[in-house]
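I have placed the structure first, in the form of structure tokens, so that the comments after it can refer back to it.
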Amino acid sequence: MSEQYVLSIFRGDQNGGEEQEYQVPAIPGMVVLDAVHYVQAHDAPDLGVRWNCKAAHCGSCSAEINGMPKLMCKTRLDEYQGQVVHIQPMRTFPIVKDLVADVSWNYEVAKKIATFTPVNAAPFRMQQWDVDRVQEFHHCIECFLCQDVCHVLRDHDAKDQYFGPRFMVKMAEFEMHPVDGADRIPQLKNEGGIGMCNVTKCCTEVCPQHIHITDNAIIPLKERVADRYYDPIRNLIRRLTKKEESSSSTVPSKA
Amino acid sequence: MNIETMETHSFDVLVLGSGGAGLRAAVEAASGGGLSVGLIGKSLLGKAHTVMAEGGAAASIGNVDAPDSWQTHFYDTMKSGHYINNFRTVEVFAKEAPARVLELEQWGAVFDRTPEGLIMQRAFGGHSFRRLAHIGDRTGMELLRTLQYRAISLNIEIFQEVTITRLLMDKDRIAGAFGYYREDGHFVMFKAKALVLATGGWGKVYKVTSNSWESTGDGAAMAYRLGGELQDMEMVQFHPTGMVWPPGVAGLLVTEGVRGEGGILYNSEKERFMLRYDPERQELSTRDVVARSIFREVQEGRGTPHGGAWLDISQKGADFIKQKLPGMYEQLLTLGDIDITKSPFEVAPTCHYTMGGVKAHAETCATNIPGLFAAGEVACGLHGANRLGGNSLADILVFGRRAGIAARDFAGSRKGDVVISEREIEEEAERVLKPFTRPDGENPYTIHQELQEAMSTHVGIVRDQKLLEDGLEKILKLQERAKNMGAQGGRTYNPGWHAVFDVENMLLLSELIIRGALERKESRGGHWRTDYPEELEEMGKWNFVHEISPDGDRIKQVPVPIMPPALQEICSRPVAPGKEPSKNLDQRKGASS
């Protein structure tokens, strides 16, 4: 008998459910998603799971593997030699079925962000070092693992107060584009809720694309918000000139 | 029958498929005229197979090699397609690609830069100049994400995770589509004045494939059932460099960018074998040639331990590799246990792209069904017998846009109400639920696996009469068994149920691939027959077009459109335009390599 892996996969829907065990023959180099596919093909054809590319490009197969938010296609089973591999759906979002979570909230948030607004027409003259910073944010595959692990969303369910790390990265991507002219600082402070993040860096830790979410996106954006709204000198000028806080036209659109 | 729970929607323009072509079409359709636009995807938004395109988008912008021009791109594309492409499609494509790439920059895509601060372009197989605008090795994702955020900022109603099982007609014109939400299985019907098919290819019919689960050819199969014409079905592209080891990742794509950035192929005897097969272009020969060369080396006993060739880019150094190919570095490291900055790795051909598909008009993407347009991998006409790397990303931009415009025009001028037969809907709803009445029926996953085995064995990279005939027999038997496919469980997110329809579509298209391959008694591009090893002039005059008719399926031999003299002149040149030695142009302007 060849080597076997033991998977314990959550089966259920909004009415509840529990983990069920499945045995899967080991194949060299196999990933968790391969094993889930094996179970689907042999034991449970109706096992709900999302996946597309199986190459860590699409960000569909997000799940919690032995408690850690991960992509199933990028997690090798030989990391779990001798252990039962527990697979659960992302817990921050409502469940649809089995490993499939309802991530539609993220798509609602995406619609709220002021999109890229170039100040002049392409072709743009930008040096590689000008774009290195934003290109990091473009690596995001929208797997929503950062949203899943963010305690503001996960433990406090404050989805109405904070867009979450994914959309801080998206806003940073537009905001730091050398040719962008829109002002997203009021939105970051208010509706986006950037102040909710208290920089525990859990999102950075789980990012399969290794984006430095906290250091390179959230903290610089927090600084821009602070510059705008909490700079004492600017506050003084504002008081003297009696400008409204929300009057974005009186302050430079870019930090 | 749960027809009473059916949701209905009505749009002027309905786009099927939310990959690059579909998004581009929807963006265009929504950008003028105040028409209502719906966009349907089988997956979540932004997850489509477009993300797997890595190397870049081909466009003769000439930022790196100034002498590049649309004429050279035209020359390269026709040559690579072995001249069975529709010349007009290629001409439109080569002329418009640069504008479409710049438009993406305008919408927020951030391409790698040249020292002058312009869009960087890299070398790729079969392209005479460095032509692929790229973002590291994740260009497709950038393109898709850019279009995705563009689309959500417009007035487009987006339906995610909806499977369409049938296209609907109103007499002789398109009328809409019927399907269900994957999330809970409830039915949905879309009425549409015009419909754009952008449903991608069917690479999932092969066992070793770089394609995602979605590439099951739904759009092509549904159009065919309505009488749509499918062309060049025998033309399937095998990408030379898929991962080989470990088995868990076999077939996973290694971007052509690795060779574009200087990667070298060796056989087990450390010989740079591409020098023998294509001394001029070597590793950067076209994909059909490189894939066949690797296959031959393995067959003749010079393969790597797991039956492939060695690809080595380590000589370029770790910094360069991590900057230009970060995704590949990470992919090989985490999934293959190989550090490509230090050592060579094994590669072998993997199914990558279907050149054939729904025959589409060169300028409007119109099919033979009024109101139905096709763009992207599902369409046929641009790539001929072999697609050039980087041409598919440019394809979806150029023809996605054109299909959007044509659909908008068609919908705007269409008179009268769109009428859909209720009876047809009821029949389809019943058919879709049928698998649940056979919980002990055939397992769709098993049928799919056997289909993939049969296709890989009988109509893979190498073909002959006997192989094809035996393959056809297997597929026809599988089609019989498939009639009894069953589903267990309920309608909520049930992949086993969904697979039934995917497998039906794949079985249909597989049969057409084999029938087309039997018909084309020669070797050309991606179609290699050992019993007819030569490319034949006579065969080059024809495209094979499949259509369903009252007397059964048939294959028509349709003449390849004949180029006007000015384009013929371009193609007949001994070297690509701009490559003439006498000109002695400095082509290295701003290049990084």
Please classify the contact of [X] with chain B as side chain, backbone, both or neither, using a heavy-atom distance under 4.5 Å.
X         : value
Cys61(A)  : neither
Val103(A) : side chain
Val31(A)  : side chain
Asp34(A)  : side chain
Pro28(A)  : both
Trp51(A)  : both
Asn120(A) : backbone
Phe124(A) : both
His139(A) : both
Ala56(A)  : neither

How close do Pro495(B) and Leu47(A) get, heavy atom to heavy atom, and via which atoms? CG-O, 3.1 Å
Atom CD in Gln127(A), atom CZ in Arg113(B): separation rounded to 0.5 Å? 8.5 Å
His57(A) NE2 to Leu253(B) CG distance, which is reported to the nearest 0.5 Å: 7.5 Å
Name the member of Val249(B), Thr334(B), Ile135(B) that forms the most heavy-atom pairs with chain A at distances under 4.5 Å. Thr334(B)
Are Arg125(A) and Glu116(B) packed together at the side-chain level, in the sense that at least one heavy-atom pair is separated by less than 4.5 angstrom? yes
Report yes if the side chains of Arg138(B) and Ile141(A) come closer than 4.5 Å at any heavy-atom pair, otherwise no. no
Do [X] side-chain atoms and [Y] backbone N/O form a donor-acceptor pair below 3.5 Å?
X         : Y         : answer
Glu105(B) : Pro123(A) : no
Gln40(A)  : Gly496(B) : no
Asn52(A)  : Ser43(B)  : no

Cation-pi check for Tyr149(B) against Lys111(A): NZ or CZ below 6.0 Å from the six-membered ring centre and within 45 degrees of the axis, yes or no? no
Taking the six-membered ring of Tyr107(A) as reference, does the NZ or CZ atom of Lys47(B) fall below 6.0 Å from its centre and within a 45° cone about the axis? no
Residues [X], [Y]: salt bridge by 4.0 Å N-O rule:
X         : Y         : answer
Glu161(B) : Arg50(A)  : yes
Lys74(A)  : Glu330(B) : yes
Asp46(A)  : Arg491(B) : no

